[in-house]
> 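One structure coming up, written as structure tokens, with questions to follow.
Sequence lines set the chain letters: A, B, ... in the order given, protein chains first and strands last, and positions in each chain run from 1. The figures that follow rest on heavy atoms only: side chains count, while hydrogens, waters and symmetry mates do not.
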Amino acid sequence: MNSDLPDPSPNPAAATFAPASGEPNLANLDTSVCDLRFQVQLILASMVLLLLTAAVFLWYQERLVRIQALELNRASEELKRVVGDYETNSVPWMNRFSTDLVNFAQAHPDYAQILARYTISTNALRATNAPPTPTPPAPPANR
Amino acid sequence: MSKKFPLAGVLAVLMIACLFANMWICYRYVRSLHAAQLKQIEVARLQGMLVMVNRNRAIVTALANDAIEYSKRNPAMETVLQPFAAQLQQLGFRPRQATPPAPATR
């Protein structure tokens, strides 16, 4: 081997901690450990800070959603009250009223013309928004 | 680690605590969101019903209006309207003033 050539070792750490007089450079090792320790603490502190920030943000969002749910609950109760009141108090007399008018129209054809503008059917005044029941298709005419 | 680096140990414990807190808050957030979504669906359904209620009220109001107009031409309609006087009053129709009896003429 040619001893005049430079050291081919690519490892800089090996170069740094290369024994100058046959023993490891303890001062350099200590500095490196201190640096690593500081970096670990820095990373841990950053993680704690990040998680705390995320927790505060999520808590704030959760509070907003909870308030929104409470408002929706209040609105829902109010709407239920209004619709329930309509179903209980208004629908019966409206049905009776329309039935009476239909009966009156049967006896008075001139009023029947006025009533014909309105399509009154049974349960039409209910507040349900369910789709109308489908009518079965007419059977094919047999020849 | 904790013997030689107490700060790192404390930070690690803090980090784990924050992680659990985050998980708990996240769970609560998802639960609240779900509840709010359910409520929103219910409110939308009730709003649809309210539209129907208002529409039906408008139809009945128009029907009553026509009936009252007709009763001016045909008094027989009064017998139909009479039982619903209170309800029609709630809809904004005034009760018809009773016509004063005609003075007796000699």
> With a 4.5 angstrom heavy-atom cut-off, which part of A/Arg96 approaches chain B: side chain, backbone, both or neither?
both
> Got a second to check how far B/Gln90's CD is from A/Ser90's OG, nearest 0.5 Å?
7.0 Å
> Do A/Phe104 and B/Asn74 come within less than 4.5 Å of each other through their side chains, counting heavy atoms only?
yes
> Got a second to check how far B/Leu50's CG is from A/Lys80's NZ, nearest 0.5 Å?
14.5 Å
> Quick check: is B/Val53 connected to B/Leu88 through a chain of hydrophobic side chains (ILVMFWY, heavy atoms under 4.5 Å apart)?
yes
> Would you please test B/Leu63 and A/Leu115 for side-chain contact (heavy atoms from CB on, under 4.5 Å) and show each step?
CA-CA 8 Å; B/Leu63 197 63; A/Leu115 196 65; 3.5 Å; yes
> With clusters defined by side-chain heavy atoms of hydrophobic residues (ILVMFWY) lying less than 4.5 Å apart, directly or transitively, does A/Leu79 cluster with A/Leu70?
no
> Which pairs would a plain distance check flag for residues 11-33 of chain B, meaning a side-chain donor or acceptor within less than 3.5 Å of a matching protein atom at least two apart in sequence or in another chain?
from	atom 1	to	atom 2	distance (Å)
B/Asn22	OD1	A/Ala55	N	3.2
B/Asn22	ND2	A/Leu51	O	3.0
B/Asn22	ND2	B/Cys18	O	3.4
B/Ser32	OG	A/Glu62	OE2	3.1
B/Ser32	OG	B/Arg28	O	3.0

> Does any backbone or side-chain atom of A/Phe97 lie under 4.5 Å from a heavy atom of chain B? Answer side chain, backbone, both or neither.
both
> Sort B/Leu91 into side chain, backbone, both or neither according to what part of it lies under 4.5 angstrom from a heavy atom of chain A.
side chain
> Supply the members, apart from B/Val51, of the Ile/Leu/Val/Met/Phe/Trp/Tyr cluster built from side-chain contacts under 4.5 Å; use none for a lone residue.
none
> Using 0.5 Å steps for rounding, measure from the CD atom of B/Glu69 to the CD1 atom of A/Ile114.
9.5 Å
> At a heavy-atom separation under 4.5 Å, does B/Glu42 approach chain A through its side chain, its backbone, both, or neither?
side chain
> Do you know which two heavy atoms are closest between A/Ser76 and B/Lys39, and how far apart they sit?
OG-NZ, 4.5 Å
> Examine A/Phe38 and A/Leu44 and state if one hydrophobic cluster contains both, with Ile, Leu, Val, Met, Phe, Trp and Tyr joined whenever side-chain heavy atoms are less than 4.5 Å apart.
no
> Less than 4.0 angstrom from a charged side-chain N to a carboxylate O is my criterion; do B/Asp66 and A/Arg117 meet it?
yes
> Output the distance between atom CG (B/Leu46) and atom CD (A/Glu77), rounded to the nearest 0.5 Å.
9.5 Å
> I want to check something: taking the side chain as every heavy atom from C-beta on, are A/Met94 and B/Arg57 in contact at a cut-off of under 4.5 Å?
yes
> Between A/Leu49 and B/Leu7, is there shared hydrophobic-cluster membership here, with clusters defined by ILVMFWY side-chain heavy atoms closer than 4.5 Å?
no
> For A/His108 and B/Met77: C-alpha separation, side-chain torsions, deciding distance, then whether side-chain contact (heavy atoms from CB on, under 4.5 Å) applies.
CA-CA 10 Å; A/His108 299 81; B/Met77 178 59 94; over 6 Å; no
> Examine distances only and state if a side-chain atom of A/Tyr86 and a backbone atom of B/Asn54 form a donor-acceptor pair shorter than 3.5 Å.
no
> If we only count heavy atoms from C-beta on, is the A/Trp93 to B/Val60 side-chain gap below 4.5 Å?
yes
> Calculate, to the nearest 0.5 Å, the distance between atoms CD and CG belonging to B/Gln82 and A/Asp100 respectively.
12.5 Å
> Is it true that A/Leu52 and A/Leu58 fall in one hydrophobic cluster, defined by side-chain heavy atoms closer than 4.5 Å?
no
